[in-house]
Asker: 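Here it is, the structure, as structure tokens.
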2 protein chains.
Amino acid sequence: MASDHTRSAILAAAERLYADRGFGDVTLRDIVAEANVNLAAVNYHFGSKDELIAELFVTRSIATNRERLRELKAAEEQGGGHAPIEVILRALVGPTLRGCLGPENQRSTAARFMIRASIESVPPIRRIKNREIDHLRKFAGAMRRALPERSDVDIYWGLNFALAMAHHTIRESERLTKLSEGKCDLDDVEDVVARVVSVATMALTAGRAEAKAPSRVAAR
Amino acid sequence: MASDHTRSAILAAAERLYADRGFGDVTLRDIVAEANVNLAAVNYHFGSKDELIAELFVTRSIATNRERLRELKAAEEQGGGHAPIEVILRALVGPTLRGCLGPENQRSTAARFMIRASIESVPPIRRIKNREIDHLRKFAGAMRRALPERSDVDIYWGLNFALAMAHHTIRESERLTKLSEGKCDLDDVEDVVARVVSVATMALTAGRAEAKAPSRVAAR
DNA sequence: GATAGTTTCATACAAGTGTTTGAATTGCAA
DNA sequence: TTGCAATTCAAACACTTGTATGAAACTATC
């Protein structure tokens, strides 16, 4: 009780290592070495490795969700219950993109950790992850209010595509840089956010009903 | 030489297990049990576990790429060197989506294995994966020919977003189904393909130059 | 049908994993 | 200071992993 020092040192070290190298090849011994504590400390303070991961994930999860909802609520209240779809989408993908891209020294360990968690799906996290659905539903609600004429199906697809573009861009940022020979500047985070939001907005607002099906191609 | 039976039994079993459960928690003993062969057979026939994975990936990789390029080339030749952008995108994301979604019994182990490989990034695969960039460049080339007025940056972003939507939809298909309470039908593969292609096309063809930036929001 | 080469098999090995243990150390209250 | 609980520590444990070994079984050639 006196000193949580060891406890939080472990949390910090674990988050950093997991964010950098993924859950797959980070061992307890790596963590305690990084944190400069004894091997047994993890089990003493957290019970098990899985519980450490779970605590890390839960903490970060509610923090991230709170941040996104704060942006969302602020926007909606400002508009009297209706926020423009672009602003909603920006609240959805902005925080994560900003935390994972941009100049190296500005990237947030938390955001990078959450991306890892969303990719690797290790057992202790998989068990908790269901709550994220409730969280996403709130965004779906806001999007529906912003686009009342749009069908639910389209809303969910738009939400899915927005997250898709954001997460994939983060995960494959290296490849995109290499592929484009540096022409795609992933350090210009606001440009990335604008592109993702723009395309997602188009996906959600384009052509009434099912102008979705483009000419003869989709009919094939 | 006489009987590759063991060899190919291992390959098939490994591919199936990796596709289903990922590289993380499939052990050599799982594989040999599934293949009904002796534990030592893997090292005898492939040298090591990593070489088994690598062979699996290389084989599937060139097969997939060939398939996509076949679709692409066919479309381009038919149009005399110029294929419509929708057709190009369809050749890019169609095979993978078709192989990973749809009725359970129609899904292809190969496609699902490749998705795993693109997600989990295990060492033996990471070493080879660079070739994929060359492959994507061919698609970028075709896209540039289809949209000559478009900047390279936009082309690469469009390519990135197309892959993003396809891969993310596959990876998170379960969550999307649950989130939408079944309203998004992931078994209707051709609808999924049409949606992805449609949005990617909009991303690539929308408003000249930077109509990209929607109203005041992007400027913020 | 004997023999040489290939393939299979049961088993053992070395290394790495998370976890447990019990003694040593620390920090704080009486 | 004394005493007691909380914490740290080195060491060992039980288990799983990929790999190696050497004998057995098989296959095809002469």
Side-chain angles (χ1 to χ4, degrees), chain A residues 1-58 113 116-117 120-128, chain B residues 1-58 113 116-117 120-128:
Chain A
M1 192 163 291
S3 106
D4 303 316
H5 173 272
T6 308
R7 221 187 119 85
S8 47
I10 292 174
L11 283 171
E15 184 172 48
R16 211 175 324 141
L17 289 178
Y18 285 142
D20 284 344
R21 308 182 355 214
F23 298 96
D25 47 51
V26 169
T27 132
L28 271 193
R29 285 168 175 82
D30 293 335
I31 295 175
V32 300
E34 178 87 357
N36 274 309
V37 302
N38 185 271
L39 174 58
V42 172
N43 288 275
Y44 178 78
H45 284 282
F46 298 91
S48 71
K49 186 194 190 185
D50 279 8
E51 291 176 83
L52 165 62
I53 296 181
E55 170 159 343
L56 218 36
F57 180 71
V58 169
F113 170 84
R116 285 285 185 191
E120 268 192 54
S121 172
V122 67
I125 290 184
R126 206 174 317 152
R127 279 185 231 111
I128 314 173
Chain B
M1 192 163 292
S3 108
D4 303 318
H5 174 270
T6 308
R7 220 187 118 86
S8 47
I10 292 174
L11 283 172
E15 183 173 47
R16 210 173 325 140
L17 288 178
Y18 285 143
D20 284 345
R21 310 187 348 218
F23 298 96
D25 47 52
V26 169
T27 126
L28 271 194
R29 285 167 175 82
D30 293 335
I31 296 175
V32 299
E34 178 87 356
N36 274 310
V37 302
N38 186 271
L39 173 59
V42 171
N43 287 276
Y44 178 76
H45 284 282
F46 298 91
S48 72
K49 185 193 190 186
D50 280 7
E51 290 176 84
L52 165 60
I53 294 180
E55 171 160 343
L56 219 35
F57 180 71
V58 169
F113 171 84
R116 285 285 185 191
E120 269 192 53
S121 173
V122 66
I125 290 185
R126 206 174 319 153
R127 277 184 233 110
I128 314 173

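Letters A, B, ... are given to chains in the order of the sequence lines, protein chains preceding strands, and every chain is numbered from 1.
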Asker: For A:Leu52 and C:dT17, give me the distance from atom CG to atom P, rounded to whole Å.
Answerer: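 That distance rounds to 16 Å.
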
Asker: What side-chain hydrogen bond (donor to acceptor under 3.5 Å, both in side chains) pairs are there with at least one residue in residues 24-33 of chain A, not counting sequence neighbours?
Answerer: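 For residues 24-33 of chain A: A:Arg21-A:Asp30.
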
Asker: What pairs with A:Asp50 under side chain to side chain donor-acceptor pair (under 3.5 Å), at least two apart in sequence or on another chain?
Answerer: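 With sequence neighbours excluded, A:Asp50 shows a side chain to side chain donor-acceptor pair (under 3.5 Å) to no residue whatsoever.
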
Asker: Closest approach of B:Ser48 and B:Asn43, non-hydrogen atoms and distance?
Answerer: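 Reported closest heavy-atom pair: CA-OD1, 3.8 Å.
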
Asker: Using whole Å, report how far CZ of A:Arg7 lies from C1' of D:dT8.
Answerer: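 My rounded result for the distance is 16 Å.
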
Asker: Apply side chain to side chain donor-acceptor pair (under 3.5 Å) to B:Glu120 and list each qualifying residue two or more places apart in sequence or on a separate chain.
Answerer: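 B:Glu120 satisfies side chain to side chain donor-acceptor pair (under 3.5 Å) with no other residue.
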
Asker: OH of A:Tyr44 versus C1' of C:dG22: gap in Å, rounded?
Answerer: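 Rounded to whole Å, this separation is 14 Å.
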
Asker: To check you understand the geometry: which heavy-atom pair defines the closest contact between A:Ile31 and A:Ala13, and what is its length?
Answerer: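 Closest approach of A:Ile31 to A:Ala13: O-CB, 3.9 Å.
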
Asker: Give each protein N/O atom lying under 3.5 Å from an N/O atom of nucleotides 17-24 of chain D, with the pair distance.
Answerer:
unit_1, atom_1, unit_2, atom_2, d
D:dG18, OP1, B:Lys49, NZ, 2.6
D:dG18, OP2, B:Thr27, OG1, 3.3
D:dG18, OP2, B:Leu28, N, 2.9
D:dG18, N7, B:Arg29, NH1, 2.9
D:dG18, O6, B:Arg29, NH2, 3.0
D:dT19, OP2, B:Asn43, OD1, 3.4
D:dT19, OP2, B:Lys49, N, 2.9

Asker: Please report the shortest heavy-atom distance between B:His45 and B:Arg7, naming the atom on each side.
Answerer: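 Answer, listing the atom of B:His45 first, then B:Arg7: O-NH1, 3.3 Å.
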
Asker: Closest approach of A:Thr6 and A:Ala41, non-hydrogen atoms and distance?
Answerer: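 Taking every non-hydrogen atom into account, CG2-CB, 4.0 Å.
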
Asker: Any N/O pairs under 3.5 Å between the protein and nucleotides 23-26 of chain C? List them or say none.
Answerer:
none

Asker: What is the distance, to the nearest angstrom, from the NE2 atom on B:His5 to the P atom on D:dC26?
Answerer: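 Checked: the NE2 to P distance equals 16 Å.
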
Asker: Any side-chain N or O of A:Thr6 less than 4.0 Å from the OP1 or OP2 oxygen of D:dT8?
Answerer: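 Affirmative; the distance criterion is met.
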
Asker: Using a cut-off of less than 4.0 Å, is there contact between a side-chain N or O of B:His45 and OP1 or OP2 of C:dT6?
Answerer: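 False: B:His45 side-chain N/O out of range (4.0 Å or more) of C:dT6 OP1/OP2.
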
Asker: Could you pull out all residues at least two apart from A:Phe23 that satisfy ring pair (Phe, Tyr, Trp, His ring centres under 6.0 Å)?
Answerer: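 With sequence neighbours excluded, A:Phe23 shows a ring pair (Phe, Tyr, Trp, His ring centres under 6.0 Å) to A:Tyr18, A:Phe113, given in chain and number order.
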
